[in-house]
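The next block holds one structure in the form of structure tokens; read it before the comments.
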Amino acid sequence: SVRRAMKKKERKTNDLPQSNIVSGKYDHYHESEGREMCKRHELYVSFRDLEWLDWVIAPQGYAAYYCHGECSFPLDSCMNATNHAILQSLVHLMKPEAAPKACCAPTKLSAISVLYYDNSNNVILKKYRNMVVKSCGCH
Amino acid sequence: SFLKNHLHSSFIHRKLSGREKKEIQREILSIMGLPGRPRPHSEGKLPSSAPLFMLDLYHAMASEDEDDVSQGVSHPVPSSLSTQIPPLGTVISEADTVMSFVNMVEQDQDIFHQKPYWKEFKFDLTQLPKGETVTAAEFRIYKMKSFGRSTNKTLHISVYEINKSHHKRESNLFLLDVQNIAAKEEGWLAFDITAASNRWLLNPKYNLGLRLYIELDGGQSVDPGLAGLVGRRGPRPKQPFLVTFFRANQPPIRAPR
């Protein structure tokens, strides 16, 4: 019954962009205990600040997202959790020494393209696949 | 101003210390697979290779990165990039690296020499990404309206790979691509030179460059300058260049930190 309830909640919330997600009941439960739930964090890397704009043409910087937080049972309604993560969280709850907590990791990744000059003034456009974290979840 | 507008209020933005800056620089260069930061020559000292064309490609690729999270999907190619090579949209979508090369050498046999007239170009393809194969390569040259008596005629523009050059006799040539275009037309011409670039990758010493001829319907040779082709001495945004599309053989392996 827990899994069914969670599936329902997942279906409701998974399509929302991260910033639009409103904290659920369980989120408050975790926050009140002083723990941070698994979510996407943002860190802007500026090529201007790195003094690289003489060779990097575009972009001027990028949002280097990363996943951080805990995957504690019950897994929060707003995150993508695999069936295995749900099961692992339950086992961890019962036998903490036997199984570690599920891991907070990227669930969707996208590419980033960088345009830059090389030493010979040739221009290079390089695509780095699976570089930008689009969403995080428990695995 | 971007940060002040609170578009991304959660971004961490503070002044980095010298050590932090160096660490971040090293980390990013390692991800990019570069041994150190490139040091391009400042503008004016050396011609740079088609940054505007590459910027258009960047925007096409970047919008694709935004739209498609999982798989590469073909998107419409911006009008400035549309060329005679049919599958360019797919080529862009599937490319891991695109490089535009500076034209290093330009030789002419023009109206001051004997016929037939020609123009030669050479590109240094030794600085290539490791572990990637060429999927397409184009030689791009800008054509303005033709001058002289051939303005109402059709021009047949042929691009050859120079296979072997001889001191006193004609070089051995291999035909790569032909375009037929009205002399009054103006715009970028793109020639498919994928076959030659693959040969040059395998054997860089065989890279002797490209030669371009222009003929009228009757086979009469036309001087490329009079036909309106822009060379190395033309305006910077219209200088000829070579663009090569690469695809990685394997996903890059990163050492764990």
Side-chain angles (χ1 to χ4, degrees), chain A residues 14-15 17-21 36 39-66 68 80 106-137, chain B residues 2-3 8-13 15-16 21 24-25 28 31-34 37-43 45-51 53-55 57-62 64-70 72 95-102 104 123-124 126-127 129 241-243 246 248 251-252:
Chain A
N14 272 356
D15 296 333
Q18 200 77 17
S19 54
N20 291 344
I21 292 166
E36 191 193 6
K39 66 175 183 184
R40 195 175 72 154
H41 294 253
E42 296 171 9
L43 172 72
Y44 189 75
V45 174
S46 162
F47 290 138
R48 182 184 294 277
D49 289 352
L50 295 176
E51 294 165 13
W52 274 359
L53 289 191
D54 61 329
W55 67 277
V56 178
I57 303 169
Q60 295 213 337
Y62 68 97
Y65 298 106
Y66 62 97
H68 183 72
N80 304 310
T107 50
K108 271 186 186 173
L109 294 160
S110 70
I112 186 172
S113 299
V114 184
L115 185 67
Y116 62 96
Y117 283 110
D118 69 4
N119 290 327
S120 309
N121 283 32
N122 297 321
V123 179
I124 300 170
L125 171 59
K126 206 161 171 69
K127 183 187 262 187
Y128 299 90
R129 294 178 196 274
N130 299 330
M131 279 295 294
V132 179
V133 176
K134 285 284 176 186
S135 62
C136 299
Chain B
F2 178 67
L3 289 160
H8 294 269
S9 54
S10 56
F11 283 163
I12 298 163
H13 193 256
K15 193 96 181 140
L16 296 168
K21 195 187 275 185
I24 291 177
Q25 284 175 339
I28 297 172
I31 291 168
M32 293 176 83
L34 297 171
R37 55 155 292 167
R39 298 201 178 273
H41 300 269
S42 56
E43 264 192 50
K45 285 183 183 172
L46 218 133
S48 61
S49 176
F53 171 82
M54 294 296 280
L55 206 56
L57 269 184
Y58 166 80
H59 289 305
M61 257 194 190
E64 188 180 291
D65 296 346
E66 278 297 308
D67 293 350
D68 178 52
V69 176
S70 54
D96 289 295
T97 307
V98 185
M99 274 184 89
S100 68
F101 295 90
V102 174
M104 307 298 287
F123 304 91
D124 179 10
T126 51
Q127 308 287 322
F241 63 93
L242 178 73
V243 59
F246 298 91

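Since the model is a prediction, treat every value here as computed from it, not as a measurement. The chains referred to below are lettered A, B, ... by the order of the sequence lines, with proteins before strands, and numbering in each begins at 1.
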Closest approach of D49(A) to K21(B) (non-hydrogen atoms, all atoms of both residues):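 In terms of heavy atoms, the two residues are closest at O-CE, 3.2 Å.
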Return the set of residues passing ring-ring contact (aromatic ring centres under 6.0 Å, His included) with H59(B) (not counting sequence neighbours), or none when no residue passes.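 H59(B) satisfies ring-ring contact (aromatic ring centres under 6.0 Å, His included) with no other residue.
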Of the listed residues (I28(B), D124(B), I24(B)), which shares the most heavy-atom pairs with chain A below a 4.5 Å separation?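 Result: the option with the highest number of such pairs is I28(B).
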Most heavy-atom pairs under 4.5 angstrom with chain A, which of A95(B), S100(B), A50(B)?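 Heavy-atom pair counts peak at S100(B).
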Are side-chain N/O atoms of T97(B) and K126(A) paired as donor and acceptor at under 3.5 Å?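 Side-chain D/A pair, T97(B) to K126(A): present.
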So what's closer than 4.5 Å to chain A heavy atoms on L55(B): side chain, backbone, both or neither?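 Both the backbone and the side chain of L55(B) come within 4.5 Å of chain A.
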Heavy atoms, side chains only, cut-off 4.5 Å: are Y66(A) and H41(A) in contact?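 Counting from C-beta outward, Y66(A) and H41(A) do come under 4.5 Å.
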For a 4.5 angstrom cut-off between non-hydrogen side-chain atoms, does C136(A) reach Y65(A)?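 C136(A) vs Y65(A): side chains apart.
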Between I57(A) and chain B, with a heavy-atom cut-off of 4.5 Å, which part of the residue counts as in contact: side chain, backbone, both or neither?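 I57(A) touches chain B through side-chain heavy atoms alone.
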Contact leader toward chain B among D54(A), V45(A), V56(A), V114(A), where contacts are heavy-atom pairs under 4.5 Å: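 Option with the top pair count is D54(A).
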